[in-house]
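This report refers to the structure that appears directly beneath it.
In each ligand, atom 1 is the first atom listed, and ligand 1 is the first ligand listed. Side-chain atoms are counted along with the backbone in the values below, which use heavy atoms only and exclude waters and symmetry mates.
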Amino acid sequence: MKLYQSNLSPFASRCRIQIYAKGIEGIDMVEPPGGISSDEFKRINPSGKIPALEVDGVVLGESAVIGEYLEEAFPTPSLLPDAPIERGIARLLARVADLYILGPLFIMLPHMNPADRDEAVVEEQKAQLAGNLVMLERYLVAGGYEGGDHAVGGRLSFADCALVPALFVAVNIAPAFGMANPLAATSNVAHYWTAIQKDEHCARVLAEMTEGLKARMSGG
Ligand SMILES: N[C@@H](CCC(=O)N[C@@H](CS)C(=O)NCC(=O)O)C(=O)O
């Protein structure tokens, strides 16, 4: 198998947490040939996006789909909680991370440079992000989070795999837009963010994302 990915991509990082937690050996981790969105890479993954997982010549796109595939192909250890309702919560929290946390952040990203920033777009997305973090806080608590080390079910799950990279992007990128501590108004999310970093697989991927961010900041 081959995973087209980059260390900084939160969507690819979600897959790497799963791969490490499941102890899946022998996946080639490669940067997309020609770069993301290139014609060359679109011949491999038509969306041009990472991650993409090649399995016996067939390419799966979309991190959530890759995650479901990995869960079915490598069921042990399971990254789904035991109870069906907890599985629903894990999938819900992962979707919140993708759509409502990374969504506004990815719209803000092209406006990093204050010199040519569209302030109206940035302000709108900052407000969205702040509101969506409160939404995440409420879903987390309603899902039974009581200050533990994992989001749901008492062990690593789909929820953590998606939330950890999304929160990494939030805490590292939002300050450049004047949100010094984006988790300040959401104490449960803030507590979770500190606690989940003790998980060895999350910590490994966070270290890789940090390296990726350093390389990006120094022009890599
Ligand atoms: N919904 C996709 C999003 C993937 C995505 O947006 N990846 C970014 C890199 S972090 C990308 O490849 N962007 C290139 C583009 O949007 O053309 C998933 O979950 O895999």
Side-chain angles (χ1 to χ4, degrees), residues 1-22 24 27-55 58-74 79-80 90-112 118 121 125 128-129 132 136 151 157-174 176-177 182 202 204-217 219-220:
M1 281 190 290
K2 194 185 278 185
L3 184 71
Y4 296 96
Q5 68 109 36
S6 82
N7 279 356
L8 187 53
S9 162
F11 301 101
S13 296
R14 169 180 179 168
C15 296
R16 293 202 311 282
I17 297 176
Q18 287 186 285
I19 290 165
Y20 299 156
K22 286 180 173 293
I24 305 167
I27 298 187
D28 251 352
M29 305 264 188
V30 297
E31 298 266 338
I36 56 175
S37 305
S38 66
D39 288 343
E40 185 180 351
F41 183 49
K42 280 181 182 165
R43 285 194 283 275
I44 297 170
N45 183 24
S47 74
K49 294 179 196 281
I50 55 169
L53 182 70
E54 196 173 294
V55 185
V58 177
V59 172
L60 284 179
E62 295 296 315
S63 56
V65 173
I66 294 168
E68 296 284 354
Y69 166 76
L70 291 173
E71 184 62 28
E72 292 193 356
F74 303 91
L79 294 182
L80 284 168
R91 290 185 167 107
L92 173 63
L93 292 172
R95 188 167 290 214
V96 169
D98 280 3
L99 296 181
Y100 303 114
I101 305 301
L102 289 173
L105 284 161
F106 268 64
I107 297 174
M108 287 156 71
L109 268 178
H111 301 271
M112 280 289 272
D118 184 331
V121 170
Q125 296 308 314
Q128 291 279 345
L129 177 62
N132 293 349
L136 170 61
S157 75
F158 274 20
D160 306 299
C161 296
L163 283 170
V164 163
L167 292 174
F168 174 91
V169 177
V171 300
N172 282 284
I173 298 303
F177 295 95
C202 295
R204 178 175 174 188
V205 166
L206 287 169
E208 292 169 350
M209 292 186 82
T210 302
E211 281 306 310
L213 184 60
K214 272 193 210 146
R216 177 69 57 85
M217 292 305 189

Who's touching ligand 1 if we go heavy atoms under 4.0 Å?
->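 Heavy-atom contacts below 4.0 Å: Ser9, Pro10, Phe11, Ile36, Ser37, Lys49, Ile50, Pro51, Glu62, Ser63, Phe106.
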Is there a donor-acceptor pair closer than 3.5 Å between any side-chain N or O of Asp160 and the backbone N or O of Ala151?
->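 Yes; judged by distance alone, with no hydrogens or angles, the pair exists.
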Do Ser9 side-chain atoms and Ser6 backbone N/O form a donor-acceptor pair below 3.5 Å?
->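 Checked: no pair found.
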Which residues share a side chain to side chain donor-acceptor pair (under 3.5 Å) with Lys49, sequence neighbours left out |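 With sequence neighbours excluded, Lys49 shows a side chain to side chain donor-acceptor pair (under 3.5 Å) to no residue whatsoever.
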Results of side chain to side chain donor-acceptor pair (under 3.5 Å) for Glu208 - residues two or more places apart only |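 In terms of side chain to side chain donor-acceptor pair (under 3.5 Å), with neighbours along the sequence ignored, Glu208 is linked to Arg16, Tyr20.
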Extract all donor-acceptor atom pairs below 3.5 Å that involve side chains of residues 93-110 and protein atoms in other chains or at least two apart in sequence.
| residue | atom | partner | partner atom | Å |
| --- | --- | --- | --- | --- |
| Asp98 | OD1 | Arg14 | NH1 | 3.1 |
| Asp98 | OD2 | Arg14 | NH1 | 2.8 |

Just how far is it from atom CD1 of Ile27 to atom CD1 of Ile19, taken to the nearest 0.5 Å?
->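 Taking CD1 in Ile27 and CD1 in Ile19, the distance rounds to 3.5 Å.
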